[in-house]
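Notes follow the structure.
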Amino acid sequence: MDTKKLDLNLLVTFEVLMEEKNVSKAAARLHLSQPAVSTQLSRLRDLFNDQLLIPARRGMIPTAKALELTLPLRLALDQVRDTLTTHQNFEPQQADLTVMLACTDYLQSVIGLSIIETLRRQAPNVKVGLRSLEPARLEAQLANGEVDLALMTPEAAPPALRTRHLYDEVYVLIGRKGHPQLVDDMSLEDYVRLEHIVVSLDGGKFLTPHDQALKALGYSRNVVLSVATFLIVPELVTQSNFVALVPKRMTLGRTDLTVVSSPVTSTGFSVGMVWHERTHGHSAHRWVREMISHIML
DNA sequence: TAAACGACCGCTATAATACC
DNA sequence: GGTATTATAGCGGTCGTTTA
């Protein structure tokens with residue numbers, strides 16, 4: 001590649017073209033004429049030695065290479081934008097705004113308090129509204145301002161949104177303190193005989209991906225209860241002999257629980273932040289995102 | 001230092017193509 | 001045929017480099 005031909009503006013054009021998949025719409029967003037963007041696309045094609053976007057019935061279809069380039073180029077541009085805006089004025093002590101945060105009940109319980117405490121200390125006039133995550137509506141909510149930031153599995157976010165990975169979560173098995181069968185290194189046979197609570201966020205389901213993994217091994221666990229939220233699970237297990245797989249961070253500081261590893265490796269999940277272009281460059285929102293990143297470290 | 005030159009970029013106009 | 005969309009031609013302005 002001849003880097004002398006490289007112009008950062010071309011990468012910005014590529015980013016918008018991949019979002020719009022339409023030269024005319026990309027041109028409107030970039031405040032350029034359609035031919036100007038068409039010419040830039042031609043230069044991008046020359047630069048990457050690939051068609052990148054192929055004219056289709058309506059708009060354009062990205063090539064495999066274009067799809068491959070999208071994420072790394074966006075990350076590179078974000079880094080440049082971050083560098084340019086890092087030192088823009090934002091005074092947490094004087095800031096006065098409300099940040100609407102959408103996340104699952106589990107995340108509200110795990111990090112909600114930490115966020116509020118840090119904000120009260122560093123930005124006393126910044127308020128946080130916590131609301132339930134609605135994945136199907138999230139993109140629209142982020143676009144229209146109902147939500148400013150979502151905490152969720154970044155891989156599940158619509159591709160047009162901005163994401164940042166925060167941490168990887170794993171599941172652990174919990175039961176009441178002194179539970180007679182709940183020990184580390186228990187056998188798979190003992191494990192499936194325990195009385196399990198499962199969490200089905202959309203309600204009432206008894207078969208989870210973990211059960212499918214068990215099924216593949218020829219086992220089926222004894223599920224006695226399905227609940228729609230992680231929040232009540234610790235209370236249920238402390239008052240019974242039930243056990244449950246819950247995210248490890250939920251158990252931190254809980255002295256009334258026995259926490260052991262599951263004898264079957266249960267696929268964990270990642271947690272990240274998801275936000276819209278609308279708040280991407282906003283210094284206060286940037287500060288909030290940085291603050292949450294630091295809390296999660 | 002200033003003029004000349006050339007490369008580059010974006011513009012308007014328009015051709016080509018596909019769809020309704 | 002009208003509309004939507006991309007691509008190209010030709011033109012003018014800007015900017016960096018070269019040269020006197």
Side-chain angles (χ1 to χ4, degrees), chain A residues 1-90 102 134-150 152-165 272-287 289-290:
Chain A
M1 177 185 290
D2 182 1
T3 52
K4 284 179 186 168
K5 294 180 188 173
L6 184 59
D7 173 355
L8 272 182
N9 286 320
L10 286 182
L11 302 186
V12 174
T13 298
F14 176 76
E15 189 182 34
V16 176
L17 275 169
M18 287 302 289
E19 284 173 17
E20 297 291 343
K21 296 183 179 64
N22 179 304
V23 174
S24 301
K25 288 178 182 169
R29 260 182 67 180
L30 292 162
H31 304 292
L32 292 172
S33 64
Q34 175 271 322
V37 174
S38 180
T39 306
Q40 289 191 356
L41 175 58
S42 171
R43 289 165 59 206
L44 280 161
R45 284 168 172 160
D46 186 40
L47 190 66
F48 290 111
N49 197 27
D50 186 89
Q51 269 293 94
L52 299 177
L53 287 147
I54 300 164
R57 292 182 174 186
R58 280 280 181 276
M60 310 189 94
I61 297 168
T63 64
K65 185 159 186 174
L67 292 170
E68 221 171 79
L69 288 166
T70 302
L71 184 61
L73 287 181
R74 170 181 275 188
L75 292 174
L77 282 171
D78 281 349
Q79 204 168 354
V80 172
R81 292 187 188 105
D82 286 349
T83 303
L84 293 174
T85 55
T86 293
H87 300 295
Q88 279 185 353
N89 293 334
F90 174 69
E134 297 177 67
R137 293 187 58 228
L138 181 64
E139 191 167 2
Q141 288 176 319
L142 286 166
N144 67 24
E146 276 182 63
V147 172
D148 297 310
L149 185 64
M152 61 186 292
T153 304
E155 292 79 14
L161 299 175
R162 303 265 177 181
T163 62
R164 186 192 292 183
H165 177 267
M273 291 186 288
V274 177
W275 67 96
H276 192 269
E277 196 68 38
R278 180 179 63 79
T279 55
H280 184 63
H282 191 283
S283 58
H285 288 285
R286 287 171 48 78
W287 179 86
R289 293 196 294 268
E290 289 302 320

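Numbers restart at 1 for each chain; the letters A, B, ... are given by sequence-line order, proteins then strands.
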Inset, instruction - Determine: side-chain N/O of A:Asn22 to OP1/OP2 of C:dT6, distance under 4.0 Å, yes or no. - result: yes
Inset, instruction - Look at A:Thr39 and B:dG10 and indicate whether a side-chain polar atom (N or O) is within less than 4.0 Å of OP1 or OP2. - result: no
Legend entry - Separation of atom NZ in A:Lys21 from atom C1' in C:dT6, rounded to whole Å: 17 Å
Legend entry - Selection from C:dT8, B:dG10, C:dT6 that lies nearest to any side-chain heavy atom of A:Ala36: B:dG10
Legend entry - N-O pairing of A:Arg74 and A:Glu277 below 4.0 Å: no
Legend entry - Non-hydrogen side-chain atoms of A:Leu149 and A:His285 separated by less than 4.5 Å: no
Legend entry - A:Arg45 side chain near C:dA7 phosphate (N/O to OP1/OP2, under 4.0 Å): yes
Legend entry - Heavy-atom side-chain contact between A:His282 and A:Asp148 under 4.5 Å: no
Inset, instruction - Quickly work out the A:Ile61 CD1 to C:dT5 C1' distance and round it to whole Å. - result: 14 Å
Inset, instruction - Would you mind reading off the distance between A:Leu44 atom CG and C:dT6 atom P, rounded to a whole angstrom? - result: 15 Å
Legend entry - Atom pair distance, as rounded to whole Å: CD in A:Glu20 and P in C:dT6: 11 Å
Legend entry - For atom CG of A:Leu17 and atom P of C:dA7, their distance in whole Å: 10 Å
Legend entry - A:Gln34 CD - C:dT6 P separation (whole Å): 6 Å
Legend entry - Sugar-phosphate, base or nothing in reach of A:Gln40, heavy atoms under 4.0 Å: sugar-phosphate
Inset, instruction - To the nearest Å, give me how far apart NZ (A:Lys25) and P (C:dA4) are. - result: 11 Å
Inset, instruction - Would you mind reporting whether A:Trp275 and A:Val147 have side-chain heavy atoms less than 4.5 Å apart? - result: no
